Protein chains: 2
Amino acid sequence: MVDQSIKVAVDAVVFGYSNNELKILLIQQKYGETKDQWALPGGFVKDSESLDEAVQRELREETGVKATYLEQLYTFGNPKRDSRFRVVSIAYIALINPKNSQLEASTDAKDAKWFDVKSLPKLAYDHQTIISVGLERLKAKINYQPIGFDLLATYFPFSDLENLYQTILDKKIDRRNFRKKILSFNILEETDKISQAGSGRPAKLFKFNLTNYKRLEKQGFHFEIKLV
Amino acid sequence: MVDQSIKVAVDAVVFGYSNNELKILLIQQKYGETKDQWALPGGFVKDSESLDEAVQRELREETGVKATYLEQLYTFGNPKRDSRFRVVSIAYIALINPKNSQLEASTDAKDAKWFDVKSLPKLAYDHQTIISVGLERLKAKINYQPIGFDLLATYFPFSDLENLYQTILDKKIDRRNFRKKILSFNILEETDKISQAGSGRPAKLFKFNLTNYKRLEKQGFHFEIKLV
DNA sequence: ACAAAAGTGTTTTACATACACCCATGG
DNA sequence: CCATGGGTGTATGTAAAACACTTTTGT
């Protein structure tokens with residue numbers, strides 16, 4: 001048959017957004033050589049499950065969250081990336097609204113926590129590389145897919161979207177032009193809800209109109225906003 | 001340790017362009033259940049080699065060609081994609097100028113041939129799916145990366161580039177606007193060579209200026225031509 | 001009354017699009 | 001001289017970019 005002893009794993013770069021910060025979900029290893037080190041949630045694929053299923057399962061087991069958006073990112077297969085034995089890892093990016101899903105004390109990991117992208121701890125394996133690739137993908141993606149909405153609450157003030165873009169792209173955006181552009185797509189619904197003002201004028205809350213987005217997409221509409 | 005019996009393979013969708021046709025390189029299986037069926041070049045990864053190395057090796061062994069451009073495409077891991085046992089395959093796309101590289105009678109495959117994308121034979125495994133994903137990627141890519149030049153000869157008339165785009169995108173393009181746009185990038189060098197005219201006026205031959213392209217890229221230049 | 005964030009239009013500029021005739025060669 | 005593909009410029013439309021003041025609330 002085939003003479004090969006490579007193991008297959010999946011890892012997920014889970015993005016969240018809260019308090020004007022872009023966050024990544026990390027777990028602390030419970031066992032083994034890398035015990036106590038922080039790492040991406042993930043693990044070995046079972047013989048009978050698909051790759052996507054494996055990611056969702058590991059996320060559930062290690063952190064208790066369920067991704068609303070999941071996309072294959074890249075496969076990392078350097079022979080030396082794991083010192084124990086050879087592991088090929090199929091990495092994913094996932095999006096979650098941290099406020100909608102509580103982290104659970106998990107059985108498989110010692111701890112699970114959100115970290116600001118700008119101050120990540122030292123990571124096990126090549127997980128720092130995986131995160132860099134994931135971040136790049138997120139930055140590119142946000143320009144031509146309305147993935148931003150997966151990171152926000154159901155009802156949100158427009159400024160949340162603005163801040164999200166500014167945080168991810170690490171860049172100032174012209175508020176008027178941005179708003180004009182996004183609203184012109186007709187994929188946002190203005191609701192009659194109002195944000196409870198902290199300070200300053202209270203804001204109307206918006207809601208992503210998925211139905212309309214899907215309809216428009218079928219008609220050949222492409223979400224695109226140039227901010228690179 | 002890890003209880004898993006999954007094998008890891010690589011497959012390549014190798015694109016070529018000749019006679020105004022977009023081609024894909026396929027091999028005919030020599031042994032096993034799928035003997036005589038056409039399939040993508042590829043095979044199992046060796047324990048000690050990286051994924052990229054595995055692709056290049058398989059390409060060499062099965063077809064004799066060397067890709068000038070190689071990029072990871074997607075990883076296919078459906079548990080049922082191979083009927084013998086579970087195989088996770090990391091698919092790549094590769095670009096080649098068919099005229100620059102002769103197909104070799106190979107040891108590992110019964111036959112290797114270029115097929116017009118528009119008339120592919122029935123393929124083994126899920127290779128038809130892999131090709132579809134690869135084609136989509138190529139179509140997207142050609143709009144924002146000058147990969148077209150990897151498919152053309154070193155010296156080529158401008159019309160070759162036009163035709164390449166029209167063939168890949170399966171779409172008419174305005175000759176004047178296209179030429180204007182591409183030339184405005186300053187990544188083509190006009191040479192003093194002239195095409196030996198078949199019929200009609202002979203054409204100046206151009207040459208891709210890689211040095212200039214890399215320099216411009218560093219300065220923040222993005223190749224982009226909207227033809228989707 | 002002031003601090004803080006929300007909300008809103010117009011002008012300028014650049015790029016995409018549409019479009020048709022002459023040129024150089026071979027047969 | 002005719003058929004074939006090569007080479008070229010302008011006018012128009014559309015979308016991006018630049019830009020600052022007024023409104024509403026809490027303190």
Side-chain angles (χ1 to χ4, degrees), chain A residues 18-21 142-144 152-153 155-167 169 171-207 216 220-228, chain B residues 18-21 142-144 152-153 155-167 169 171-207 216 220-228:
Chain A
S18 60
N19 302 119
N20 284 353
E21 284 174 354
I142 205 177
N143 285 289
Y144 59 88
L152 299 178
Y155 296 93
F156 57 90
F158 210 91
S159 55
D160 272 15
L161 194 60
E162 263 172 52
N163 290 327
L164 174 65
Y165 271 78
Q166 296 192 134
T167 305
L169 299 176
K171 197 181 170 179
K172 284 250 173 308
I173 296 176
D174 183 290
R175 284 168 59 226
R176 276 179 291 191
N177 291 338
F178 181 75
R179 188 175 178 126
K180 205 189 311 171
K181 184 77 200 246
I182 297 280
L183 287 179
S184 77
F185 292 152
N186 272 21
I187 55 176
L188 279 194
E189 217 172 290
E190 195 176 321
T191 70
D192 47 6
K193 296 188 204 298
I194 299 284
S195 71
Q196 46 276 54
S199 85
R201 177 173 172 177
K204 299 182 226 172
L205 296 185
F206 289 83
K207 188 177 181 300
L216 287 167
F221 161 79
H222 282 279
F223 180 93
E224 184 167 359
I225 179 156
K226 271 231 203 67
L227 299 163
V228 188
Chain B
S18 61
N19 302 118
N20 285 352
E21 284 174 353
I142 204 177
N143 285 289
Y144 60 88
L152 298 179
Y155 296 93
F156 57 90
F158 209 91
S159 55
D160 272 16
L161 193 60
E162 263 171 53
N163 289 328
L164 174 64
Y165 270 79
Q166 295 192 133
T167 305
L169 298 175
K171 196 178 171 181
K172 282 249 173 311
I173 297 176
D174 183 291
R175 282 168 61 225
R176 276 180 289 189
N177 292 338
F178 181 75
R179 187 174 178 126
K180 204 188 313 172
K181 184 79 201 239
I182 298 278
L183 288 180
S184 77
F185 292 152
N186 271 24
I187 55 175
L188 280 194
E189 216 172 290
E190 197 176 318
T191 70
D192 47 6
K193 297 187 203 298
I194 299 285
S195 71
Q196 45 277 55
S199 83
R201 175 175 175 176
K204 299 181 226 172
L205 296 185
F206 289 83
K207 187 176 181 302
L216 287 168
F221 161 79
H222 281 278
F223 181 93
E224 185 166 359
I225 179 157
K226 271 233 201 65
L227 298 163
V228 187

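Every chain is numbered from 1 and lettered A, B, ... according to where its sequence line falls, protein lines coming before strand lines. In this text, all values refer to a predicted model and were calculated from it rather than measured experimentally.
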*Could you encode protein contacts along nucleotides 19-27 of chain D as a string, one character per nucleotide from 5' to 3', using B for base contact, S for sugar-phosphate-only contact and - for no contact, with a heavy-atom cut-off of under 4.0 Å?*
BB--BBBS-
*Between Pro157(A) and Leu205(A), which heavy-atom pair has the shortest distance, and what is it?*
N-CD2, 3.5 Å
*To the nearest Å, how far apart are Leu227(A) CG and dA18(D) C1'?*
15 Å
Could you go over nucleotides 13-16 of chain D and give all protein N or O partners under 3.5 Å, atom names and distances?
unit_1  : atom_1 : unit_2    : atom_2 : d
dA16(D) : OP1    : Lys181(A) : NZ     : 2.7

*Take Leu183(A) and Phe158(A) through the side-chain contact (heavy atoms from CB on, under 4.5 Å) test and state the conclusion after the steps.*
CA-CA 10 Å; Leu183(A) 287 179; Phe158(A) 210 91; 4.0 Å; yes
_Leu161(A) to Leu152(A) - nearest heavy-atom pair and separation_ = CD1-CD1, 3.7 Å
*Euclidean distance, Glu162(A) CD relative to Asp174(A) CG, rounded to 0.5 Å*: 9.0 Å
*For Glu224(B), which residues count as a salt bridge (charged side-chain N to carboxylate O under 4.0 Å, His left out) partner, sequence neighbours excluded?*
none
*Atom CZ of Phe206(A) and atom CZ of Phe156(A): how far apart are they, to the nearest 0.5 Å?*
8.0 Å
_Please give me the minimum heavy-atom distance between Ile142(A) and Phe223(A), naming the atom from each residue._
O-CE2, 3.8 Å
*Spacing of NE2 belonging to His222(B) relative to OH belonging to Tyr144(B), to within rounding of 0.5 Å*: 12.0 Å
*Qualifying residues under side chain to side chain contact (heavy atoms under 4.5 Å, CB included), relative to Lys181(B), sequence neighbours excluded*: Phe185(B), Ile225(B)
*asked:* Rounding to an integer number of Å, can you tell me how far Asp160(B) CG sits from dG5(D) C1'?
replied: 12 Å
_Under the side-chain hydrogen bond (donor to acceptor under 3.5 Å, both in side chains) definition, can you give me all pairs with a residue in residues 189-199 of chain A, not counting sequence neighbours?_
Glu189(A)-Asn209(A), Glu190(A)-Lys204(A)
*What is the distance, rounded to the nearest whole Å, between atom CD of Gln196(B) and atom C1' of dG5(D)?*
15 Å
_Reading DNA chain C in the 5' to 3' direction, which nucleotide is the first one with an atom under 4.0 Å from a heavy atom of chain A, and which is the last?_
dA4(C) to dT10(C)
